[in-house]
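Structure, as structure tokens:
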Amino acid sequence: MPFMSRPKTQIAAKTFAMLMCAFLLTATTGCTSAKSEMHTTAVNDPLEPLNRGVFAFNNALDRALIEPAAKVYNFLTPDFFRAGVQNFMRNLRTPLIVANNVLQGDFKGAGVASARFVINTVGGVAGLFDVAGANGMPFEPEDFGQTLAVWGFGEGFYLVLPVIGPSSLRDTAGLAVDTVADPVRLYAFNRDEEWIYYTRGIVEGLDTRARLVTAVRDMRRNSLDYYAAVRSAYSQKRRSLVRDVNPDAPKAQAVQYYDEGWE
Amino acid sequence: MTITLSRRLMIVGMALALLLPAGAAMADKRDDAAVGFVQKMGDIALTELTGKNISGKEREGRVRELLRKNFDVNAIGRFALGKHWNTATEAQRKEYLSLFEDMIVRTYAQRFGEYAGQQFNVKSAKAISERDSIVNSQVVQKDGPPVAVDWRVRNNAGNLKVIDVFIENVSMAITQRSDFDAVIQRGGGKVEALLESLRQRKK
């Protein structure tokens, strides 16, 4: 791959420029703030024709390659193996999660995530076992897209990324920042062991997709407009993550959200 | 004057003192009722709807019965049609609600037929409005982490009905509405486009 041999600084500069564009766009076109989005179910999708095109491409790729691979993976590997892979991948993500917790001002979350990292790395065989999770410290995903939302950035608009799938302008900017700041990437590229980074990406993608086999099949089968159903589900999921809905806690914050459109 | 005022205050204070715990107790009672309602429905669903030993037709019949008894299908259907409910004619509304129920029945009959969950635990309930509560539950799977399923239960004068189900914080009613809205919009804003799509599904 030609871009792999390019100097790191150039890649970083290009990513930075992309990011700035994304930020400017969010600032100018993102009229809805993250706060007002919490109370609505509408999704802003001005690029729908383009998004539908990319979505169709992703869907074809998924049916031809990714879904079969995920099914083979599910079939060939025992449950404990897949659990180990997920735990290991999550543990590698945890330093980034801690950073996002801190940036969101969620110091309690940062404490839990840090404790998880230490406990699972030391006591869970380099993160293969989620010892912390079994002891009342559940995994909470955080990313820079959520951090931007906490800072008040709106979603901007819905965006379907090639291969990666549903996103938004804000979450794409977040993904770019998380990618640049990712310790695993920095380590791999500094050591000229880029394969580590790419392997991680592929395994993480396969792990995620393998867990979604039933959900995706259900949604394809039961929606009239699969694109619209996925768009709605993605936005709801992201908004719930931003609200940091704790499944064990009363959902006081979400009350208004529930109220829309019901008599 | 001061006496009457303080007397009034006292009366108001006493009334409040009486009301507050009563209100809290009432909320608790309502939450308990909602929890019991969902637990019972879940137990019945798991014993009567899962398993490979019943035919597809039989399963659909049982799902329809359970659905009509425990869900406010018309309220959900109206919500899912959103703003288009207002432009639909009376005949369209009637056909839509019937097609909508058929679709839900087919969907859930299929889901229960493939159900691989091991356990259904209702955890807690929280009142979110005068009539509605959210009941949190968990489906523990054979493999993988538990799935969070939340039920929005409406209390119509003691008569409890589910009006929405959230799977991992994704509302089925909202997803359905987006789906239907997209079909109508792509069909030139006509409700008929949705009806046609739902009719096709039935075949």
Side-chain angles (χ1 to χ4, degrees), chain A residues 40-43 45 48 52 74 77-83 86 130 133 138-139 210-215 217-219 221-241 243-252 254-263, chain B residues 75-76 78-80 82-83 103-104 106-108 110-111 114 116 123-129 131-132 134 136-138 141-150 152 154 163-164 166-186 193-194 197-198 200-201:
Chain A
T40 177
T41 54
V43 184
D45 189 7
E48 185 170 336
R52 278 191 187 267
N74 277 343
T77 58
D79 296 348
F80 77 87
F81 178 89
R82 292 196 300 276
Q86 184 182 42
D130 188 2
F139 174 78
R211 280 165 210 290
L212 291 171
V213 165
T214 318
R217 189 187 54 193
D218 188 282
M219 210 141 177
R221 218 159 42 180
N222 295 317
S223 54
L224 301 176
D225 188 328
Y226 179 46
Y227 171 85
V230 170
R231 179 177 62 190
S232 174
Y234 174 79
S235 311
Q236 289 183 57
K237 186 77 199 163
R238 289 299 294 178
R239 286 171 195 181
S240 84
L241 283 174
R243 281 197 306 270
D244 259 345
V245 173
N246 176 356
D248 297 319
K251 300 177 174 180
V255 167
Q256 270 178 290
Y257 176 71
Y258 288 128
D259 259 352
E260 189 187 285
W262 290 100
E263 295 160 48
Chain B
I76 302 169
R78 266 191 81 159
F79 178 86
K83 59 181 187 224
M103 192 192 83
I104 299 290
R106 275 197 313 277
T107 302
Y108 280 88
Q110 202 173 44
R111 282 182 187 161
E114 293 165 355
K123 294 160 77 188
S124 59
K126 173 84 191 158
I128 58 161
S129 73
R131 290 190 295 170
D132 297 356
I134 299 288
N136 304 125
S137 72
Q138 254 189 356
Q141 296 169 287
K142 182 162 54 72
D143 43 1
V147 178
V149 182
D150 303 325
R152 182 176 179 156
R154 176 158 288 180
I163 59 166
D164 198 3
F166 295 79
I167 299 174
E168 289 288 322
N169 294 317
V170 175
S171 150
M172 296 300 101
I174 292 168
T175 308
Q176 200 76 262
R177 186 169 64 175
S178 313
D179 188 5
F180 289 176
D181 182 54
V183 174
I184 293 172
Q185 274 187 25
R186 287 163 77 75
L194 174 66
S197 185
L198 287 171
Q200 288 297 326
R201 281 281 158 140

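Note on naming: letters A, B, ... go to the chains in the order of the sequence lines (proteins, then strands), and numbering restarts at 1 for each one.
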Heavy-atom pairs under 4.5 Å with chain B are the metric here; pick the option from A:Arg231, A:Arg221, A:Lys237 that has the most.
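Sorted descending by pairs with chain B, the first entry is A:Arg221.
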Considering only heavy atoms and a distance below 4.5 Å, find which of A:Ala215, A:Ala83, A:Gly133, A:Ala228 pairs most often with chain B.
A:Ala228
Spacing of [atom1] belonging to [X] relative to [atom2] belonging to [Y], to within rounding of 0.5 Å:
X: B:Glu114; Y: A:Arg217; atom1: CD; atom2: CZ; answer: 4.5 Å
X: B:Arg186; Y: A:Arg52; atom1: CZ; atom2: CZ; answer: 3.5 Å
X: B:Asn169; Y: A:Arg239; atom1: CG; atom2: CZ; answer: 13.5 Å
X: B:Leu194; Y: A:Leu224; atom1: CG; atom2: CG; answer: 6.5 Å
X: B:Asp179; Y: A:Ser232; atom1: CG; atom2: OG; answer: 9.0 Å

Tell me, side chain or backbone of B:Arg106 under 4.5 Å from chain A's heavy atoms, or both, or neither?
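No part of B:Arg106 comes within 4.5 Å of chain A.
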Which atoms of B:Gln110 approach chain A - backbone, side chain, both or neither, heavy atom under 4.5 Å
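Side chain only.
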Under the side chain to side chain contact (heavy atoms under 4.5 Å, CB included) test against A:Asn222, which residue among B:Met103, B:Gln176, B:Arg111, B:Met172 passes?
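Option passing the side chain to side chain contact (heavy atoms under 4.5 Å, CB included) with A:Asn222: B:Arg111.
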Quick one: which of B:Ile167, B:Asp181, B:Thr175 has the most heavy-atom pairs under 4.5 Å with chain A, could you say?
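Highest number of pairs under 4.5 Å: B:Thr175.
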Are A:Arg211 and B:Glu168 close enough for a salt bridge, meaning some N to O gap below 4.0 Å?
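So A:Arg211 does not pair with B:Glu168 through a salt bridge.
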Stepwise side chain to side chain contact (heavy atoms under 4.5 Å, CB included) check, B:Ser171 with A:Gln236:
CA-CA 8 Å; B:Ser171 150; A:Gln236 289 183 57; 3.4 Å; yes
